[in-house]
Amino acid sequence: MMNAQNLPTEELSKEDVHQEEQRLKMPAAGNFIVLAIIRCGGFLFGIDVKWVREVQPYTVATPVFGMPSCWLGITGLRGHLYAVLDLGQVLCPDLTPAEDHQQIVFTNVGDYAVGLLVDAVPHVQQIETASISEDSILDLAYIHGSTPDLIRILDLPTLYDDLDRSAAGRESHVKS
Amino acid sequence: MMADDELSPKIFSLFTAEAREAVQAIIDYCLLLEQKPDTEKHDDLLADIMREAHKLKGSARSLGLDDIAVIIHNLESVFQHIKSLNKVPDSEVFDLIYQALDGIKNLIAGASPIDISIGQLLERLKMTAADNDALVKAAASQLTVDDLPQAGFNMSGDQETIRITVERLDIIYNLVNELKIAQLNMERNLAVMRSLLFDTKPQVNRMNELLLARPQFIDLYRNSEASYRSMNQLVSQLHDHVRRSRMLPLANVFGSFPRMARDLARQSGKKVTLFIEGGEIELDRSVLEQIKAPLQHLLSNAIDHGVETPKERRAAGKSENGNITIQATQEGSSIHIEIQDDGAGIDLARVKAHAVRSGLLAEKEASQLDEQAVIWFLFQPGFSMASSLTTVSGRGIGLDIVRQSIEAMQGEIQVVNNPGRGVSFLLRVPVSLATRLCLLVQASGQIFALPAINVLYMARVLPGSVVRQNNQLLLMGPEAEPVPAIILAQLFHPEHQVIDRKSESAVYLGSQDQPVVVLVEELCDIQEFVIKELPLHFAQVPWISGAAISGSGEVILVLNPTDLAREVGQLQTEKDV
């Protein structure tokens with residue numbers, strides 16, 4: 001049993017702490033992680049398939065006034081409602097979005113039900129977690145790390161939490 | 001407490017439901033016995049009590065729930081003793097009986113940690129049965145909530161249960177069978193059509209084949225149409241029966257009120273008679289669950305802060321006994337519940353003064369507010385008049401929670417204040433939350449749904465009847481007074497300029513006394529929808545309470561009528577001030 005006397009006494013550097021945090025946040029399924037690969041703004045991103053419910057061609061969502069433009073509205077999937085998020089606008093706002101053949105990746109993360117509008121979902125891929133490293137090229141928020149073939153792994157829980165917090169802040173502002 | 005671990009949770013679940021009913025029945029009989037000690041039915045009531053208690057004891061014993069069985073056994077001794085005395089005991093003895101029954105409820109609910117004071121409780125029950133008056137009264141008065149038996153096991157289970165009559169279940173089963181037959185018919189028709197259309201010869205012969213097959217197609221069409229009509233009818237009936245199987249009478253909620261009123265009145269040294277009407281009206285289980293806390297709150301408020309003490313009532317020329325009436329009526333798909341007391345009413349001056357002291361209202365504005373605007377402060381979160389709790393007119397504690405609960409069901413709450421004569425709280429809630437009849441309206445090209453329960457009426461807007469006065473939009477309709485209005489499209493897109501001319505229809509919301517108008521481009525349809533909560537990221541969007549998925553799969557936003565009415569009201573108040 002661990003007690004106070006045999007705890008490591010070395011101080012961890014900020015970098016160590018960061019790496020440990022990244023490791024803990026990494027969704028691990030044994031030594032492998034299965035990702036739904038999505039293309040968005042010219043980049044490839046990976047979403048842990050455990051969050052993905054279904055992928056469907058994009059149909060126009062019902063707009064909800066007063067929301068930031070990245071929120072396209074609400075759509076229904078088999079009796080459930082999903083908020084539709086233009087992922088490109090959040091991750092790569094400077095890039096021109098693709099117009100045709102867009103798809104929605106329906107995701108459920110905790111209580112969040114979000115449909116991600118992406119350019120394409122080419123395939124599903126199994127990745128060895130050990131091969132995932134910090135992304136040295138793209139400095140984007142909400143990315144756990146990247147694979148050797150430059151698939152950036154999205155941290156959906158953090159992304160959705162942040163968007164929820166900003167929505168709540170905006171609404172309280174509106175109401176005040 | 002020992003309970004057989006091997007026993008199925010289903011058996012416990014059944015026992016729990018039965019035990020709750022039995023305990024409630026005993027409480028109800030005891031209340032009657034206590035309220036009408038001289039009744040000729042004294043013996044009958046005791047017989048009913050003994051029968052319920054004996055049944056419950058037997059069930060508890062059969063499941064090895066010894067603590068419950070022992071408490072009931074001792075309660076039986078108390079009731080035997082009461083019977084042998086041939087007189088109704090004092091309220092202190094009834095307090096002890098109710099506390100013992102509460103203890104059983106706690107054991108059933110299994111909500112508290114294992115810390116049982118059953119020994120003390122039994123001792124007091126035994127003393128009561130032995131008719132040692134002095135000891136009984138001393139013991140009963142010392143008994144506190146902490147002394148009550150608490151959970152020794154958890155029988156609450158994870159599964160909620162609902163009772164359904166075998167007759168209704170049979171009807172549903174038969175309907176499902178018929179539906180299955182209609183579905184098979186449709187499948188057969190489709191198979192024949194598919195065969196005729198696609199399993200034919202080469203392309204060149206297709207038209208000829210189809211022409212020859214025309215009579216068959218006509219037959220198939222007729223068959224399919226008949227099957228569709230049949231399915232349609234069956235689905236409607238099935239839906240109705242399933243919906244009704246979720247319905248429970250309001251008495252399920254009202255049942256605990258007499259005891260609650262009795263206890264609260266005793267605690268506050270007041271005399272209160274509670275009248276309940278409409279307990280037989282049925283509501284959906286989910287509405288019933290959600291309405292319970294607000295009603296308890298309003299009843300508690302009526303006793304604590306509405307009805308005066310006997311001395312105050314005498315001074316006001318009233319009888320010592322205060323009356324509270326809870327009356328439920330059904331009107332179409334909505335239920336109206338009125339909680340009325342004959343107390344002193346709301347002291348508007350005190351509410352205004354408190355609002356000014358709390359910084360919610362400027363002093364010069366206070367004198368210009370009408371009665372409803374003043375009362376509305378009581379429903380504001382954090383507007384607490386706790387410091388004046390003991391005064392006659394000090395209301396406001398927790399009324400914001402009542403309002404929130406009612407509005408969460410798309411219901412409405414109104415207050416009618418009669419200074420010196422009492423207050424009425426009028427609640428309007430839907431019978432069911434499962435599906436809701438909605439009026440579909442169009443604004444800025446988008447379709448929205450408005451729950452029909454909140455719509456007073458609709459009208460066409462005549463040219464020139466919408467005017468702007470002091471930055472407030474008014475509809476000059478057939479009413480005596482112009483009605484404050486809001487343009488729905490402008491609310492959502494405030495950047496748009498005045499577009500009155502596009503608003504061709506008016507939807508009246510709010511109350512008959514103080515209606516407000518929402519102007520829309522078009523009234524489209526009336527449809528029944530299953531209303532769902534908005535996805536979490538949109539949960540805070542103003543004026544929208546949910547969304548529905550139409551038959552074509554389109555998502556329709558459901559407007560929050562209370563928010564809209566309040567929005568118009570606020571504009572009106574700002575203008576007045």
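So that the names make sense, note that chain A is the first sequence line, chain B the second, and so on, each numbered from 1.
Ranked by heavy-atom pairs under 4.5 Å with chain B, the list A:V114, A:V64, A:T75 is led by A:V64. Interface summary for chain B: among A:A61, A:A113, A:G76, A:G73, the most heavy-atom pairs under 4.5 angstrom belong to A:G73.
Annotation: the span from A:L81 atom CG to B:I531 atom CD1 amounts to 11.0 Å, rounded to 0.5 Å. Atom CG of A:D161 sits about 9.5 Å away from atom CG of B:L536, to the nearest 0.5 Å.
Remark: the backbone N or O of B:V555 is paired with a side-chain donor or acceptor of A:T62 at under 3.5 angstrom.
Note: A:W71 and B:F538 have perpendicular aromatic rings, judged against thresholds of 30 and 60 degrees for the angle between ring planes. Between B:H537 and A:Y160, the ring planes are perpendicular. Angles over 60° get that label, and only those under 30° would be called parallel.
In this structure the side chain of B:L557 reaches within 4.5 angstrom of the side chain of A:I74, judged on heavy atoms.
Using a 4.5 Å cut-off between heavy atoms, B:I544 contacts chain A through its side chain alone, with no backbone atom that close.
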Stepwise side-chain contact (heavy atoms from CB on, under 4.5 Å) test for B:L491 and A:F65 = CA-CA 10 Å; B:L491 191 65; A:F65 49 86; over 6 Å; no
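B:P535 and A:A83 get closest at one heavy-atom pair: CG-N, 3.5 Å.
Counting non-hydrogen atoms of other residues, nucleotides and ligands closer than 6.0 Å to CD of B:E533 gives a total of 12 or fewer. Heavy-atom contacts from other residues, nucleotides or ligands closer than 6.0 Å to CG of A:D149 number more than 12.
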